[in-house]
Amino acid sequence: MTERYDAKESEARWQAVWDERGTFVVAPDPERPKYYVLEMFPYPSGRIHMGHVRNYTMGDVVARYKRARGFNVLHPMGWDAFGMPAENAAMEQGVHPGSWTYENIAAMRGQLRSMGLSIDWSREIATCHPGYYRHQQAMFLDFLESGLLYRASGWVNWDPVDRTVLANEQVIDGRGWRSGAPVEKREMPQWFLRITDYAEELRAALATLERWPDKVRTMQENWIGRSEGLRLTFPIVGREAGLDIYTTRHDTLFGASFCAVSPEHELAAGIARENPEIARFIEHCRRTGTSEAAIERAEKLGVDTGLRVRHPFRPEVELPVYVANFILMEYGTGAIFGCPAHDQRDLDFARRYGLPVPPVVVPRDADPAGFAIADEAYLGDGILANSDFLDGLTVADAKEAMARRAEADGTGRREVNYRLRDWGVSRQRYWGCPIPVVHCPCCGIVPVPRAALPVVLPDDIDFETPGNPLDRHPSWKRAACPGCGGAAERETSTLDTFVDSSWYFARFCSPRADAPVDREDGAYWLPVDQYIGGVEHAILHLLYARFFTRAMTGHGELDLAEPFAGLFTQGMVCHETYRTQDGEWVPPVEIAEGQDRQKLRAATGEPVIVGRSEKMSKSRRNVVDPEDIMETYGADTARWFMLSDSPPDRDLEWTEAGVAGAWRFVNRMWRLVADPGRAVAPPGAAMPDGVAGDPALGEIRRAVHKAIAGVTGDLEGFRFNRAVARIHELVNLLADFDAAGAAAAWVRREACETLALLAGPMVPHLGESLWRLLGHDGLLADAPWPESDPVLTRDEIVTVAVQVMGKTRGTIDLERDAAQEAAEAAALALPTVTAALAGRPIRRIVFVPNRILNVVA
RNA sequence: GCGGGUGUGGCGGAAUUGGUAGACGCGGCGGCCUCAAAAGCCGCUGUCCGCAAGGACUUGCCGGUUCGAGUCCGGCCACCCGUACCA
């Protein structure tokens with residue numbers, strides 16, 4: 001008999017069979033229910049990494065499982081092919097971003113194919129292909145026409161040395177990553193999509209996404225950040241105008257001790273013209289860049305403008321106006337009033353600049369006269385004090401009273417605000433979807449006629465100098481104005497790659513259609529039933545795709561409420577880290593084990609320092625190449641290990657020992673079925689008479705049917721690690737099952753077939769091999785999912801734990817659903833129970849049928 | 001800073017969702033097979049006390065609710081993800 005399973009040979013063979021038969025090529029079929037499984041498509045970086053292997057394995061398990069359940073499964077693959085890495089490669093290696101990208105796609109396609117994924121490759125798309133982005137350009141024009149898209153000025157990180165716009169990740173400690181020069185915030189004309197028009201709808205519809213993780217819905221809800229507040233005007237002393245502020249804590253208005261405006265506020269700009277200190281401060285704030293994290297983490301600083309504003313309800317009170325670096329121009333009006341007693345940031349600010357801290361909300365159990373604020377602002381509920389007409393009210397009532405008064409006398413009005421900002425979609429880069437407009441000195445911004453789409457990127461570009469090659473291209477920019485025919489210039493910015501990934505899920509329905517999405521195909525396949533990807537996309541990508549779905553529906557390009565009916569977010573793949581004594585990172589492939597199991601650098605024999613497990617990354621060199629693993633053990637082993645142990649939504653720790661264990665188990669399943677010493681009944685044989693009466697065979701069948709029920713539930717619930725454990729249990733049991741005879745042979749067929757079917761979605765090549773061993777001519781991929789017999793999955797005898805005062809002292813075996821009296825009698829007869837009771841009288845007995853009996857003494 | 005999450009044996013994790021904590025795997029120890037090894041097979045393996053029977057302790061830390069808490073509540077600590085131009 002074959003000692004070992006030849007994974008390489010088998011995997012190549014089955015992949016060829018699936019390919020030849022077109023097993024996974026699908027078309028709409030109104031007769032069958034559809035199921036659309038989608039994993040987040042990869043950026044073509046050059047090679048797949050373990051994160052991809054994990055993501056696509058999970059998706060494939062779902063796709064193959066649903067297929068076995070009779071669904072018409074759409075499972076496509078494509079490439080998120082525009083983006084910065086291609087430009088960086090062009091700069092560093094002198095290759096063209098296009099050829100670099102297409103070569104990477106070819107390499108990664110080969111790697112993904114070797115994983116044996118049940119993908120319909122005929123639907124493959126790449127976002128950098130004109131066949132894809134021409135539709136995006138057409139939609140851009142639709143959105144421009146309807147006003148959903150507009151041009152306005154926006155802030156960018158500007159590298160003054162390289163004279164180029166930097167992404168936030170290219171700004172390191174306030175400096176450009178290449179030039180090292182301090183970056184500055186700069187205002188530039190940009191294109192924006194009015195996602196804020198949909199803020200309320202995007203927020204409200206989160207409630208309909210029942211198959212999304214709560215955490216993602218919460219994150220989106222907080223990101224959209226609906227708030228109900230008050231917009232108020234503080235009259236400026238000595239000026240006609242007032243200062244508009246927005247607040248959600250209008251109950252604390254009488255606790256105001258200053259006002260503050262953003263460094264980008266027009267008021268600040270005005271004063272800066274006469275006040276060099278303010279000008280210097282604004283200049284200083286510009287160097288923080290545009291990243292919210294950097295701005296919020298910077299030390300809270302401000303400068304007094306010298307302006308004074310009058311308290312709207314206490315005209316005799318004048319408050320100073322500061323320019324402060326922690327006020328965001330993007331939120332509210334870019335100006336606030338500071339109430340230090342009840343806001344931590346305001347308190348820190350007030351302490352630093354010696355401003356008063358009058359408390360106006362007093363906790364219910366505190367004495368209003370003695371209540372003072374030390375280092376911590378009081379954020380809780382309480383009773384208003386020192387607040388004129390609000391005194392004695394609760395926070396909620398005070399908000400209401402203040403809003404009413406402000407609206408009545410015209411000092412302010414209620415306003416619903418959102419933290420969400422409009423989506424800036426233009427990028428000053430080459431490798432992205434060209435924006436199809438021209439700038440005409442006479443006609444202004446003119447859309448490129450639809451017949452002239454796509455506007456294609458020029459190939460002859462140079463990356464010798466930093467910045468956008470489209471800007472300095474000798475001819476590409478020049479165009480005739482479609483309006484007046486005069487000389488005009490093309491728009492040289494391209495679209496954010498988040499635009500590309502906002503509708504690719506829909507394009508897969510009809511990847512070669514003349515419209516972005518064919519109406520009938522879209523109606524059949526959409527929405528995506530199960531979307532799978534990393535949590536890192538929980539907010540931006542998913543929110544943009546939800547918005548884009550609405551925008552497309554609004555423009556007649558789609559008819560869909562939400563793009564992703566079900567969402568699953570997977571964890572990262574981690575690995576131990578190794579460093580030499582000198583601190584040099586050592587990759588796992590270079591690690592060997594010494595005699596005392598100490599980890600050594602193989603080449604030198606020097607011991608390495610083992611660090612904690614971290615996300616696989618180039619910088620820590622703790623990356624394991626999936627191709628090496630698949631070369632050594634085969635795709636099934638890599639897939640099996642990916643699904644073992646770690647729950648899919650948590651981080652997975654890749655270990656060499658774990659993979660070896662997975663490989664041993666793949667072989668074990670093979671040997672179990674291939675063993676000629678264990679007779680198996682032919683396919684489709686009827687159950688012999690001997691099966692029903694045999695208790696030993698009954699136990700095997702019980703285990704088999706429990707495995708079916710268990711694995712089915714686990715796959716439905718994304719508990720792949722549990723499913724793997726159950727298959728282990730089944731195999732452990734079957735390994736001991738060596739009975740002979742016709743009845744045993746029939747039971748063995750049922751068991752082995754079940755094993756192949758249950759493991760099939762996870763290790764599909766092995767599954768097909770087992771299926772063939774069991775005498776089937778057809779493919780496992782076409783076989784239906786097994787059904788469990790409810791009679792066999794139910795235990796008639798259950799073990800019930802017996803506790804005394806909540807501590808387990810023994811167990812009793814009872815008939816299922818046994819009455820309390822029977823349970824009590826059996827429990828109180830246990831010597832361990834009587835010993836624990838030590839003669840004390842029983843006060844109470846808590847009995848949960850089939851679970852537990854607790855004696856309280 | 002803000003928003004969201006995670007924390008259980010030497011390690012990855014399981015736990016019917018408030019009911020026997022540690023399934024399954026990895027590692028380790030012992031044995032079988034072998035001239036030997038690899039592969040495979042069998043057994044043991046949370047910690048502490050005890051020759052043993054047995055007992056005590058144990059789910060990041062502190063406190064609470066409950067007959068009963070890994071699970072619920074309050075407060076901390078550590079790490080991870082996002083923070084709008086990385087994808």
Side-chain angles (χ1 to χ4, degrees), chain A residues 3-4 40 42-43 45 80 82-85 154 156-157 165-171 190 213-216 218-223 225 290-298 300 326 330 344-345 419-429 496-498 501 534-541 543-544 569 571-572 574 597 612-615 641 644-647 649-653 655 657-658 660-662 664-665 667-668 671 719 721-722 724-729 732 735 799-811 832 843-846 848 850-857:
Chain A
E3 267 298 316
R4 284 221 185 147
M40 290 180 185
Y43 179 80
S45 57
D80 190 10
F82 275 135
M84 288 203 308
V156 295
N157 297 308
V165 177
L166 298 178
N168 282 336
E169 73 156 9
Q170 296 173 318
V171 179
Q190 305 280 339
D214 288 340
K215 63 175 174 185
V216 176
T218 306
M219 282 190 262
Q220 292 215 351
E221 168 124 41
N222 291 338
W223 183 261
T290 61
S291 139
E292 192 209 290
I295 292 167
E296 289 275 348
R297 263 197 293 251
K300 314 274 176 287
F326 61 93
E330 292 84 6
Q344 192 60 44
R345 282 193 309 194
R419 208 186 71 98
L420 182 68
R421 310 198 293 255
D422 273 344
W423 176 13
V425 291
S426 46
R427 298 291 180 268
Q428 284 63 52
R429 298 185 211 295
D496 179 7
T497 57
F498 272 129
S501 56
V535 240
E536 63 271 23
H537 295 293
I539 296 174
L540 294 180
H541 161 59
L543 191 63
Y544 290 149
T569 55
M572 299 177 304
C574 302
R597 289 205 310 279
R612 67 187 175 88
S613 185
E614 292 185 71
K615 179 184 181 173
F641 180 69
S644 308
D645 294 353
S646 296
D649 56 340
R650 286 226 226 134
D651 289 352
L652 174 140
E653 195 186 335
T655 63
R664 283 201 297 271
F665 189 73
N667 279 287
R668 203 164 163 226
R671 282 197 311 271
R719 294 182 298 267
N721 54 323
R722 254 331 247 122
V724 164
R726 274 187 220 276
I727 290 172
H728 268 281
E729 284 171 313
N732 287 345
T799 303
V800 171
V802 180
Q803 300 183 333
V804 177
M805 305 297 289
K807 267 185 200 287
T808 304
R809 297 293 171 178
T811 59
T832 47
R843 285 194 288 151
R844 174 142 96 98
I845 290 181
V846 181
V848 182
N850 304 324
R851 292 266 168 84
I852 200 162
L853 186 143
N854 188 10
V855 185
V856 186

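What you see is a predicted model, and the numbers here were worked out from it, not measured in a lab. Quick note: numbers below take in every heavy atom, side chains included, and nothing from hydrogens, waters or symmetry partners. Reminder, nothing fancy here: chain letters follow the sequence lines and each chain counts from 1.
You'll find that the side chain of A:Gln190 is closest to B:C85, out of B:A14, B:C85, B:G19. Of the candidates B:G1, B:C85, B:C67, B:C85 carries the atom nearest the A:Asn157 side chain, counting heavy atoms from C-beta on. Ranking B:A84, B:A14, B:C81 by closeness to the A:Asn721 side chain, first place goes to B:A14. Among the nucleotides B:G27, B:A14, B:G19, the one closest to any side-chain atom of A:Arg851 is B:G19.
The separation of B:A69 from B:G18, taken at their P atoms, amounts to 14 Å, rounded to a whole angstrom. The P atoms of B:G27 and B:A21 are separated by 29 Å, rounded to the nearest whole Å.
Of the side-chain N and O atoms in A:Arg612, none sit less than 4.0 angstrom from OP1 or OP2 of B:G7. Between B:A84 and A:Arg421, no contact under 4.0 Å exists linking OP1 or OP2 to a side-chain N or O. The phosphate of B:A14 has neither OP1 nor OP2 within less than 4.0 Å of any side-chain N or O from A:Arg722. Dashed line: the shortest gap from a side-chain N or O of A:Arg809 to OP1 or OP2 of B:U20 is not under 4.0 Å. Side-chain N/O atoms of A:Lys300 include none lying less than 4.0 angstrom from OP1 or OP2 on B:C2. Distances shorter than 4.0 Å separate none of the side-chain N or O atoms of A:Thr655 from OP1 or OP2 on B:C26. Considering only side-chain N and O atoms, A:Thr808 lies under 4.0 angstrom from the phosphate OP1 or OP2 of B:A21. A:Asn667 has no side-chain polar atom (N or O) that falls below the 4.0 Å cut-off from OP1 or OP2 of B:A39. Between B:G68 and A:Asn854, no contact under 4.0 Å exists linking OP1 or OP2 to a side-chain N or O.
Using a 4.0 Å heavy-atom criterion, one finds that A:Glu653 contacts the sugar-phosphate atoms exclusively. Nucleic acid contact class of A:Ser291 (heavy atoms, under 4.0 Å, all strands): sugar-phosphate only. As judged by a 4.0 angstrom heavy-atom cut-off over every strand, A:Arg668 is placed among residues touching the sugar-phosphate backbone only. Nucleic acid contact class of A:Lys807 (heavy atoms, under 4.0 Å, all strands): sugar-phosphate only. Counting any heavy atom pair closer than 4.0 Å across all strands shown, A:Arg664 reaches sugar-phosphate atoms only and no base atom. Nucleic acid contact class of A:Phe665 (heavy atoms, under 4.0 Å, all strands): none. Residue contacts for A:Thr811: at a heavy-atom cut-off of 4.0 Å it reaches a base atom on one of the strands shown. Using a 4.0 Å heavy-atom distance criterion, A:Thr799 is classed as a base contact. Nucleic acid contact for A:Val156: base, since at least one base atom lies under 4.0 Å from a heavy atom of the residue. A:Glu729 comes within 4.0 angstrom of sugar-phosphate atoms only, judged by non-hydrogen atoms across all strands, and of no base. Contacts of A:Leu652 with the nucleic acid, taken as non-hydrogen atoms under 4.0 Å apart, are absent. Among the protein residues, A:Pro647 comes within range of the sugar-phosphate backbone only, with heavy atoms under 4.0 Å from sugar or phosphate atoms but none that close to a base. No engagement by A:Gln170 is indicated, since no non-hydrogen atom pair under 4.0 Å with the nucleic acid exists. Using a 4.0 Å heavy-atom criterion, one finds that A:Met572 contacts the sugar-phosphate atoms exclusively.
Counting heavy atoms from C-beta outward, A:Arg719 and A:Arg726 have side chains that stay 4.5 Å or more apart. In this structure, A:Val724 and A:Phe665 have side chains that are not in contact, with every pair of non-hydrogen atoms separated by 4.5 Å or more.
Shown here for A:Ala801 and A:Thr808, the closest heavy-atom pair between the two residues is CB-CG2, 4.5 Å. Considering all non-hydrogen atoms of both residues, A:Gln220 and A:Ala538 come closest at NE2-O, 3.0 Å. Scanning both residues, A:His541 and A:Ser501, for their nearest heavy atoms gives CE1-O, 3.1 Å. A:Ser426 and A:Gln190 make their closest contact through OG-OE1, 2.9 Å (heavy atoms, listed as atom of the first residue, atom of the second, distance).
In this structure, B:U65 forms no base pair with any nucleotide, since neither Watson-Crick nor G-U wobble geometry is met with both distances under 3.5 Å. Judged by Watson-Crick or G-U wobble contacts below 3.5 Å, the nucleotide B:A78 has B:U6 as its partner. Here B:G27 sits opposite B:U45 as a Watson-Crick or G-U wobble pair (both hydrogen-bonding atom distances under 3.5 Å). Applying the Watson-Crick and G-U wobble criteria (two distances, each under 3.5 Å), B:G40 pairs with B:C32. Base pairing of B:A21: no nucleotide in any strand meets the Watson-Crick or G-U wobble criterion (both distances under 3.5 Å). Across all strands shown, B:G1 pairs with B:U83; the Watson-Crick or G-U wobble distances both stay below 3.5 Å. Using Watson-Crick or G-U wobble geometry with both donor-acceptor distances under 3.5 Å, B:U71 finds no partner in any strand shown.
One cannot find a donor-acceptor pair under 3.5 Å joining the base of B:G1 and the side-chain atoms of A:Gln344. Interface remark: the A:Gln428 side chain does form a donor-acceptor pair with the B:C85 base, using a distance-only criterion of under 3.5 Å.
Defined by atom type and a distance below 3.5 Å, a donor-acceptor pair is missing between the side-chain atoms of A:Ser646 and A:Asp651.
With a glycosidic angle no further than 90° from 0, B:G9 counts as syn. Because its glycosidic torsion is more than 90° from 0, B:U20 is reported here as anti.
With the nearest nucleotide of RNA chain B identified for both A:Thr218 and A:His537, A:Thr218 has the one nearer the 5' end. When each of A:Trp223 and A:Val216 is assigned the nucleotide of RNA chain B bearing its nearest heavy atom, the one mapping closer to the 5' terminus is A:Val216.
Ion pair A:Glu292/A:Arg421 not flagged as a salt bridge, since none of the NZ, NE, NH1 or NH2 atoms sits closer than 4.0 Å to an Asp/Glu carboxylate oxygen.
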